[in-house]
K.L.:
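Right, I'll just put the structure down here and ask away after.
Counting convention: from 1, in listed order, for ligands and their atoms alike.
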Amino acid sequence: MSIPKLRLGTRLFLSHIAVMLVGFGSFIVISKLSFPEQVTLHLTTLEKRGYVIFTSSRSYLLKGFENVWDRSAAWSLLSGISAAGIVSYWFSQRIMQPLNQMKDITHEFASGHLEQRMPSLDIPELNQLSHSFNYMATSLEGVEKRRRELISDLTHELRTPLTVVRGYLEGLADGTLSPCDELYEKLVRETRRLERLTFDLQELSKAEAGHLLVNPQAINLQPLLNSLVEKFSEQLLDDGPVLELDYPSDIPLVLGDLDRIEQILINLIGNAIRYTNEGKIQIKLQKDNKWIWISIIDSGIGISNEDLPHIFERFWRVDKSRSSGFGGTGIGLAIVKRLIELHNGRIIVESELGKGSTFSFCLPTI
Ligand code: ADP
């Protein structure tokens, strides 16, 4: 036999009525059983005190009392059930109304209105549920927003080199452009840009999904930094900035993944060189309790206060045209930040337009 699926409001209403009926029923049964005995006892007590009660009037009195009791019990039952019905309906509505509201908001949210939020509710448990829903809704809205931004940024980033390559290839095909070294170089540059973009994106998506493996081990940063300074110094022009390393003798070993730390440093030093025309780029290490702070200080073009909060967002470039001219994709710092976080560290940036920037990140010591 299948149990009918009653709505919560009906269940609450019926449960209140059932409780009332059980209470009232037991009251009636018990009083019905004990009433004649109690009345008889009372009459006997009266007789003992000297009142004369005839046997005929005794049964008449007993019957009369019983009739009066039956009538008042029937009235009490009727008015009790009506009053309980009204109160129960009111209570059920108080619980059902916020639940119905929650149901409507959830439907709206599911149909794409991600801005929908639950109001504060009087019942603590439901209020907690509404808080949890709002928390989940905010996080889902964020994910959806980032997904849309990523797709729009991605299509924008891919469109530019693809349009350039297609333009050159069409020109070559219809003879309006003649093949020359310069043209092939441009084609190679654009395809390299596409290659770098897809590589960076893959790294970023792995880092964001937590799939980038970090293999922490004790690392001496000095040889790594020395080799990077040597490698980058070779690329610097004579009239360009100089690259310096300030490595105090008391720097202990750090806990980290050698390849990932190298990747972080290459990105930050590469950026410093890219955005510094003259002066000095310094790599400075400092010990702070259980952390080693590594700062890359440049005397380059700097970043304005308005741009600074966005610098670690993916595809963010201060001057899109200028930076893409430098071969930048605007993903490097987003990857760097994620890689540092995977090492339980953090990265901070200070910068002044026209004076230079300092990117500092910390790694745990052993
Ligand atoms: P990109 O590959 O474009 O350099 P990044 O994520 O590494 O991407 O950097 C984002 C933006 O931050 C850059 O486009 C640039 O505008 C700015 N930026 C990064 N490093 C520096 C720096 N050392 N000096 C000035 N601007 C910088």
K.L.:
Hey, looking at atom 4 (O) of ligand 1, which of Glu313, Arg274, His310, Lys337 has the closest heavy atom?
P.N.:
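When every heavy atom of Glu313, Arg274, His310, Lys337 is considered, Arg274 comes closest to atom 4 (O) of ligand 1.
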
K.L.:
Can any side-chain N or O of Thr358 pair as donor or acceptor with the backbone N or O of Ile297 at less than 3.5 Å?
P.N.:
no

K.L.:
Going by the atom numbers of ligand 1, which of them fall below 4.0 Å from some non-hydrogen atom of Ile331?
P.N.:
6 (O), 8 (O)

K.L.:
Just to check, does Ser357 reach to within less than 4.0 Å of ligand 1 when the distance is taken from its heavy atoms?
P.N.:
yes

K.L.:
Could an N or O of ligand 1 be found under 3.5 Å from any N or O of Asn271, whether backbone or side chain?
P.N.:
yes

K.L.:
Could you label the plane-to-plane angle of the Phe65 and Phe35 rings as parallel, tilted or perpendicular, counting under 30° as parallel and over 60° as perpendicular?
P.N.:
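Rings of Phe65 and Phe35: perpendicular, as their planes differ by over 60°.
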
K.L.:
With atoms numbered from 1 as shown, which atoms in ligand 1 lie under 4.0 angstrom from a non-hydrogen atom of Arg196?
P.N.:
2 (O)

K.L.:
Check Leu333 against ligand 1 and report side chain, backbone, both or neither, counting heavy atoms closer than 4.0 Å.
P.N.:
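Contact part for Leu333 vs ligand 1: both backbone and side chain.
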
K.L.:
Hey, are the side chains of Ile331 and Leu201 touching, using non-hydrogen atoms and a 4.5 Å cut-off?
P.N.:
yes

K.L.:
Relative to each other, are the rings of Phe91 and His16 parallel, tilted or perpendicular (30° and 60° limits)?
P.N.:
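Plane angle over 60°, so perpendicular.
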
K.L.:
Does anything in residues 121-146 form a ring pair (Phe, Tyr, Trp, His ring centres under 6.0 Å)? List the pairs, not counting sequence neighbours.
P.N.:
Phe109-Phe133

K.L.:
To the nearest 0.5 angstrom, please state how far the CD1 atom of Ile17 sits from the CG atom of Leu12.
P.N.:
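That separation rounds to 11.5 Å.
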
K.L.:
For ligand 1, is any non-hydrogen atom under 4.0 Å from Asp298's backbone (N, CA, C, O), its side chain (CB onward), both, or neither?
P.N.:
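Asp298 to ligand 1: side-chain contact only, backbone stays beyond 4.0 Å.
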
K.L.:
What atoms of ligand 1 come within less than 4.0 Å of a heavy atom belonging to Phe359?
P.N.:
20 (N), 21 (C), 22 (C), 23 (N)

K.L.:
Show me which atoms of ligand 1 lie under 4.0 Å from any heavy atom of Ile311.
P.N.:
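Listed by number with element: 12 (O), 17 (C).
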
